[in-house]
Amino acid sequence: MPDSVDTSDQKFTRETITWIYPWTDHLFSFKTTRPQQFRFTAGQFARIGVEKKNGEVVWRAYSMVSGPFDEYLEFYSIVVPGGEFTSELSRLQTGDTLLIERKNHGFLTLDRFSSSRDLWLLSTGTGIAPFLSMLADPLTWESFEKIILVHSVRYAKELAYQKEITGLAQHEIFGEYAHKLIYVPVITREELADTLHARLTTLIENGGLEAKVGISLDLDKSRIMLCGNPEMVTDLRKVLKNRGFKTSRQSAPGQIAVENYW
Ligand code: FAD
């Protein structure tokens with residue numbers, strides 16, 4: 001197994017890509033070695049750097065998919081056509097290296113909330129990444145009675161990690177908690193049995209999501225995280241605000257925490 005290389009006084013370490021898995025032609029996951037000192041809370045993100053041919057380094061934020069106790073780091077990435085970072089990233093192979101900032105970042109973490117009964121994790125596209133990290137942390141399972149994981153994509157083939165999520169019941173560590181999880185795939189541009197087919201905003205407005213799950217959104221019992229497409233985050237926040245939900249802040253705890261991906 002290749003090692004993480006500590007670049008002494010730099011603000012980053014150099015990590016080796018150990019695994020790459022393409023989900024579609026524009027979505028893939030990859031694992032890297034984990035810097036020894038790199039600690040994070042489930043839901044946080046790393047800053048990853050790739051070196052261009054001219055030597056310039058391009059940095060972008062990437063949520064960890066892997067859990068805080070895994071020995072490797074795993075990420076789930078889009079490939080943006082012509083995107084400065086992902087054009088370089090998607091060319092890398094197993095054995096190649098990239099840079100990872102020593103510092104962990106982000107506030108999409110469970111400590112934003114006071115204790116409650118249900119955790120709603122609403123994501124679009126690669127925005128499911130931080131929620132997968134949370135499902136890899138025993139603390140998440142111990143903190144809630146129900147965890148509702150909603151993943152909205154355009155096409156069924158973009159439902160990455162579906163097998164891993166539905167297979168949690170057989171997981172050696174998390175299997176005992178898996179009955180708490182309700183997984184809701186949402187597909188907006190295709191009809192498929194057992195999935196919902198509208199924008200998340202519509203599904204909250206018309207009660208379709210709550211009906212599907214069999215649990216109501218409730219100011220006391222629900223804590224809600226939104227991650228992914230900024231338009232979804234803004235629109236959904238408005239809809240939830242109309243129902244009395246508030247963004248959680250240090251000075252004033254609320255029920256909502258969000259992460260915009262661009
Ligand atoms: P950019 O120039 O950065 O983006 C160009 C355009 O591509 C954007 O304007 C937007 O329209 C679109 N775009 C960017 N990112 C995405 C995306 N993830 N899904 C769909 N469309 C997108 N990206 C990931 O793939 N996985 C992650 O786990 C992830 N975590 C992030 C966490 C944070 C806190 C933030 C702020 C962003 C995160 N991103 C993630 C986005 C990522 O940082 C880059 O934007 C992405 O890799 C594209 O980089 P680029 O230079 O190729 O294109």
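Just so it is clear, the values below take in all heavy atoms, side chains as well, and ignore hydrogens, waters and symmetry mates. This one's a predicted model, so the numbers in the text were calculated from it and none came from an experiment. For ligands, and for the atoms within them, numbers begin at 1 and follow the listed sequence. Along the sequence shown, residues are numbered consecutively beginning with 1.
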* Asked: In the protein, what heavy atom is nearest to atom 9 (O) of ligand 1, and what distance, to one decimal place, separates them?
  -> Trp262 CD1, 3.7 Å
* **His151 side-chain N/O to Leu149 backbone N/O, donor-acceptor pair under 3.5 Å** => no
* To do: Give a yes or no answer on whether the side chain of Ser222 reaches the backbone of Leu219 with a donor-acceptor pair at less than 3.5 Å.
  => no
* Contacting atoms of ligand 1, where contact means under 4.0 angstrom from a heavy atom of Asn260 -> 35 (C), 36 (C)
* Asked: Can you tell me the protein heavy atom closest to atom 2 (O) of ligand 1 and the distance?
  -> Arg60 NH2, 3.7 Å
* Asked: Taking non-hydrogen atoms only, is Phe45 closer than 4.0 angstrom to ligand 1 via side chain, backbone, both or neither?
  -> side chain
* Shortest protein contact, atom 53 (O) of ligand 1 (heavy atom only) -> Gly83 CA, 3.9 Å
* Determine, step by step, whether Tyr62 and Tyr261 satisfy the ring pair (Phe, Tyr, Trp, His ring centres under 6.0 Å) criterion, reporting the C-alpha distance in whole Å, the side-chain angles of both residues, the deciding distance to 0.1 Å, and the verdict. => CA-CA 9 Å; Tyr62 268 78; Tyr261 266 11; 8.0 Å; no
* Asked: Against heavy atoms of Ser77, which atoms of ligand 1 measure under 4.0 Å?
  -> 25 (O)
* Say whether, by atom type as modelled, one donor and one acceptor occur between the side chain of Ser87 and the main chain of Glu84 under 3.5 angstrom. => no
* Asked: Cation over ring, Lys221 on Trp120, under 6.0 Å and within 45°?
  -> no
* To do: Pick one of side chain, backbone, both or neither for how His105 approaches ligand 1, counting any non-hydrogen atom pair under 4.0 Å.
  => neither
* Decide, yes or no, whether a salt bridge links Arg243 with Glu210 under the criterion of side-chain N to carboxylate O below 4.0 Å. => yes
* Asked: Can you tell which part of Tyr261 has a heavy atom less than 4.0 Å from ligand 1: side chain, backbone, both or neither?
  -> both
* Give the residue and atom name of whichever protein heavy atom lies nearest to atom 24 (C) of ligand 1, and the separation in Å to one decimal. => Tyr62 CE2, 3.4 Å
* For atom 6 (C) of ligand 1, find the nearest protein heavy atom and state the residue, atom name and distance (0.1 Å precision). => Val80 CG1, 4.2 Å
* Asked: Looking only at protein heavy atoms, which one is nearest to atom 35 (C) of ligand 1, and how far off is it?
  -> Ala61 CB, 3.5 Å
* **Side chain, backbone, both or neither: Val79 near ligand 1, heavy atoms under 4.0 Å** => neither
* Structure fact -> When distances are taken from atom 50 (P) of ligand 1, the protein heavy atom at minimum range is Phe85 N, 3.6 Å
* Structure fact -> Logged contact type for Thr86 with ligand 1, heavy-atom cut-off 4.0 Å, is both
* Asked: Taking 4.0 angstrom as the limit, do Glu190 and Arg154 come out as a salt bridge?
  -> no
* Which bit of Tyr76 is near ligand 1, meaning a heavy atom under 4.0 Å away: side chain, backbone, both or neither? -> backbone
* May I ask you to decide if Pro130's main-chain N or O and Ser63's side chain share a donor-acceptor pair within less than 3.5 Å? => no
* Can you say whether the rings of Tyr21 and Trp19 are parallel (under 30°), tilted (30 to 60°) or perpendicular (over 60°)? -> parallel
* Asked: For atom 25 (O) of ligand 1, which protein heavy atom lies nearest, and how many Å away is it?
  -> Ile78 N, 2.9 Å
* Centroid-centroid distance, Tyr161 to Tyr76, less than 6.0 Å -> yes
* Asked: Should Ser87 be counted as touching ligand 1, given the test is an N or O pair under 3.5 Å?
  -> no
* **Residue pair Ser248 / Arg112, side-chain donor-acceptor N/O under 3.5 Å** => no
